[in-house]
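These notes are about the structure you will find just below.
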Amino acid sequence: MGYGGWVRRGEKPAWYTGFFPPRDMDFLAGLNPQQREAAEHFEGPLLILAGAGSGKTRVITHRICHLIQARGVAGGAILAVTFTNKAAGEMRDRVTRLLGSDSSLEAPLISTFHSFCVRLLRRDGDALTPLRPGFTRNFQIYDDDDQTAVLKRVYKQLGITEEFLKPRAALSIISRGKNHAQTPQDFYEQAASPQAERLAKVFEEYENGLREANALDFDDLLLEGVRLLGHDAATREWYSRRYRFLMVDEYQDTNRTQYELMRLLASKHSNVVVVGDEDQSIYGWRGADIRNILDFEKDFPGARVIRLEQNYRSTKTILDAAGAVVANNIARKGKWLWTEAGAGTPIGVFEADDGEQEALFIAETIDKLLRAEPASHVAVLYRTNFQSRQIEEALRRYGRKYKVVGGFSFYQRAEVKDALAYVKLLVNGRDNVALLRILNVPARGVGKTSVEQLEKLARERHISLWEAIAQGCDEHKYGARAEAALGAFRRVIERLREGLPSQAPHETLRRIVDESGYGAMLRADPSPEAESKLGNLQELMAAAADAAARGESMEEFLDHAALVSDADQVDETAPVSLLTMHNAKGLEFPVVFIAGVEEGLFPHSRSRDSEEQLEEERRLCYVAMTRARQRLYVSHARYRRRYGGSPPEPCTPSRFLKEIPTHLMEILSARRADPYQVELSDEQQMVREVARRNTYTGKTYNSLDHISQFFAERGIQINPPRAAAPARAAETSYPGGARVSGPVPQPRVEPAAGPAKAANSPVKHGESAAQSASFAVHPAAGPKPAAAVKRGGTIRAGATVSHPKYGQGLVLRKEGEGEDAKLTVSFSGHGLKKLVARYASLKVLD
DNA sequence: CGCTATTCATTTTTT
DNA sequence: ATGAATAGCG
């Protein structure tokens, strides 16, 4: 991410450039009176209550430019904080465009709270070491997965099972505690039950785990940033002098720590402009404190308040409906958006029989809309991620390309995380989570027992696992086999580490893949997944190369990887986007579908018991509805199955649906005798029939295309991977798409029982010889058992064999060749068994 | 120890 | 339906 505007300590912190524009560029033209007033605001606190679609980004960017050009403020004195990296990037672009090509102007710093803190700590974090023993500026950032890994380790160490509390749940309690400035000691003191005490212990050990690894979780980034500024007067002084003008976007979603950070930064000047909308506060569950915005005028006496209530986005119908819904909330300042736009079309409400029909309705309507208007953009919003699956499937049936936001982002993929774990371990030998992740990937013969011994030694000597490997091997603490395996691992890491300082990041990654055996492991795996993983690693290297070309270090590359979020990958120019309502914040689309508007799903059942949480769900509804510019569809099902399996449960329409005035709705349900709908139903029936015949279960993960796109969106060029997998049959790429599927689902050969299908199966006999030949070039990484006897060579499907334990059996199916062949054998009295030729001592009888 | 077939639980929302 | 944790085999 852009690191512009960052000045080292010691350089002169000038706020005023003394620069005056040669011509008075008017950044205020085209703004309405309120927007203009806000953009013109110079010093002192200001709260901008900006309703949905009221042009707040415009106001912020214009204010920045106005400060720079009309007020002569140095760009470097301005800090604007946004909610996502994407929002920050867009704001930077807009400011750059507004300021024109005048490169003499210093760029303002626009970033998220989290990336701001990372930079703060990386640059000036030394003063934190006394407060956080073991801390250095080389700290690692632990994401969600890493946090869970730490916690699981803690559980194991304390002998706690997940029945006590699921790690995710424990993490969320710990996180809430941390955000309220609570320590494990506070937890102990407040503990009223043995369980609570145990949780305090878990919390304590979790924190120890982070400290031992010199790692910070997301909460720590902010907390330690605050601690640093609070504790070290010189640093605080420097930063608050440097950033003389602060702006915070999405202020309603800031938490306590972010608030404190802002206070510290504003301590010198109180030039704070915050922009927010209490009706769009949807992150209370993650610690966002709505009081921050409700109490701003109290916190900053003399603050001005400007309301932006004219909406430039939606039709009057959409606005009135959303307003009517949110009006049912009590905790709000109250405002009513107005627009000069016309009423537009009524809100389409569809009641489906079940989830499948709902999905088909959505897909079909999208298909029709896009046929009529191919350049349009449609978003399907839902409450929970799992809802995307059905809708994806329906869209595939209609041959519509779509892009799913969330779920698996590139940096969360196992192979990418593995490769980065190697890097992390090279950079920081104390990173136990990284070490455990890759210790036996690829398989090196380090198993559960060895890991336990390692952990034991590390705990006894208060050393990291890495040191435990070194010391334990040197002192022959482990068994011969374990020592050999651990020694091999140690040598690999040490050799890789030697090159680290002198080599470019992508070179390090390449060597990791080549020399750790990871690449060989994947190449030895004939599955398409392995091929795609290799492709992803190529992409990762390309991304690292580009980061290096921009002058980023390996550490910065890792930071970037840790801080990208799902919301950053939204592509508003895709024809069809599928995303959660949360991820839709700040976006707009001409056409929006809101799916699954049912009690229990939306509002979510977990929110049903508290009025506060219900209001948050209602705000979420408001956010979702106000994403739409022209058309809004809302759908729900009468029956929905909770899990893939059994019975569909009856669902009642959401209370939010009832809060929409009926005169703004148009009922589209199939049950109505609407000729248009009858036509829909017929077609739906047909599609269903066809779909039944080709049960297509395509991948629902992001495709390779997506990953190129992912980087392309960040301005990172990707060279097409040389060894790229041939595009999967059912997937095609289109510019701007992820998880793209082509119009014609590739029919798969139906697996049937018995030997007949073995002959049909594509990966069989004829081709397999050629395949195993090509894979033989890359031998499998694991050592083969010496006892392997060539027995499988002559076994064919249809052969009768004899097994020492199961007796006589008939070979039904054979996958692969030679010793690696997997055999499906039917033994009388023992049923079907899957055996590997190498291990099963089979004798051929005929 | 590694692989696989099985069971089992799993669905809020995420910087 | 899917993925993650576990039991049993070689």
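To find a chain, count down the sequence lines: A is the first, B the second, and so on, and within it residues start at 1.
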Considering only atom P, compute the distance from C:dA4 to B:dT13 and round it to an integer number of Å.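 Each nucleotide's P atom is 15 Å from the other's.
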If the C1' atom of C:dT6 is compared with that of B:dT11, how far apart are they to the nearest Å?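 Pairwise C1' distance, C:dT6 against B:dT11, rounds to 22 Å.
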Those residues that, when tested against A:F593, pass ring-ring contact (aromatic ring centres under 6.0 Å, His included) (two or more places apart):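 A:F593 satisfies ring-ring contact (aromatic ring centres under 6.0 Å, His included) with A:Y633 only.
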Over all strands shown, is A:S605 touching base, sugar-phosphate only, or nothing at heavy-atom distances under 4.0 angstrom?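 No contact.
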Using a heavy-atom cut-off of 4.0 Å across all strands, would you classify A:K152 as base, sugar-phosphate, or nothing?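 If one applies the 4.0 Å heavy-atom cut-off, A:K152 turns out to touch the sugar-phosphate alone, with no base involved.
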Rounded to the nearest Å, what distance is computed from the CD atom of residue A:E393 to the C1' atom of nucleotide C:dT2? 13 Å
Parallel, tilted or perpendicular: rings of A:F656 and A:F602 (30°, 60°):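 Correct class here is perpendicular.
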Report, as a single string ordered 5' to 3', how protein heavy atoms within less than 4.0 Å touch nucleotides 8-15 of chain B: B base, S sugar-phosphate only, - not at all. --BBBBBB
Report yes or no: does A:D253 contribute a side-chain atom to a donor-acceptor pair with the main-chain N or O of A:I282 at less than 3.5 Å?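 Pair found, side chain donor or acceptor close to backbone of A:I282.
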Check the pair A:D568, A:S565 against side chain to side chain donor-acceptor pair (under 3.5 Å), reporting the backbone distance first and the verdict last. CA-CA 5 Å; A:D568 296 331; A:S565 69; 3.0 Å; yes
Check the pair A:Q252 / A:E250 against side chain to side chain donor-acceptor pair (under 3.5 Å), numbers first and verdict last. CA-CA 5 Å; A:Q252 75 282 353; A:E250 307 283 8; 2.8 Å; yes
Residue list, side chain to side chain donor-acceptor pair (under 3.5 Å) with A:D418, at least two apart or on another chain: A:R437, A:Y518
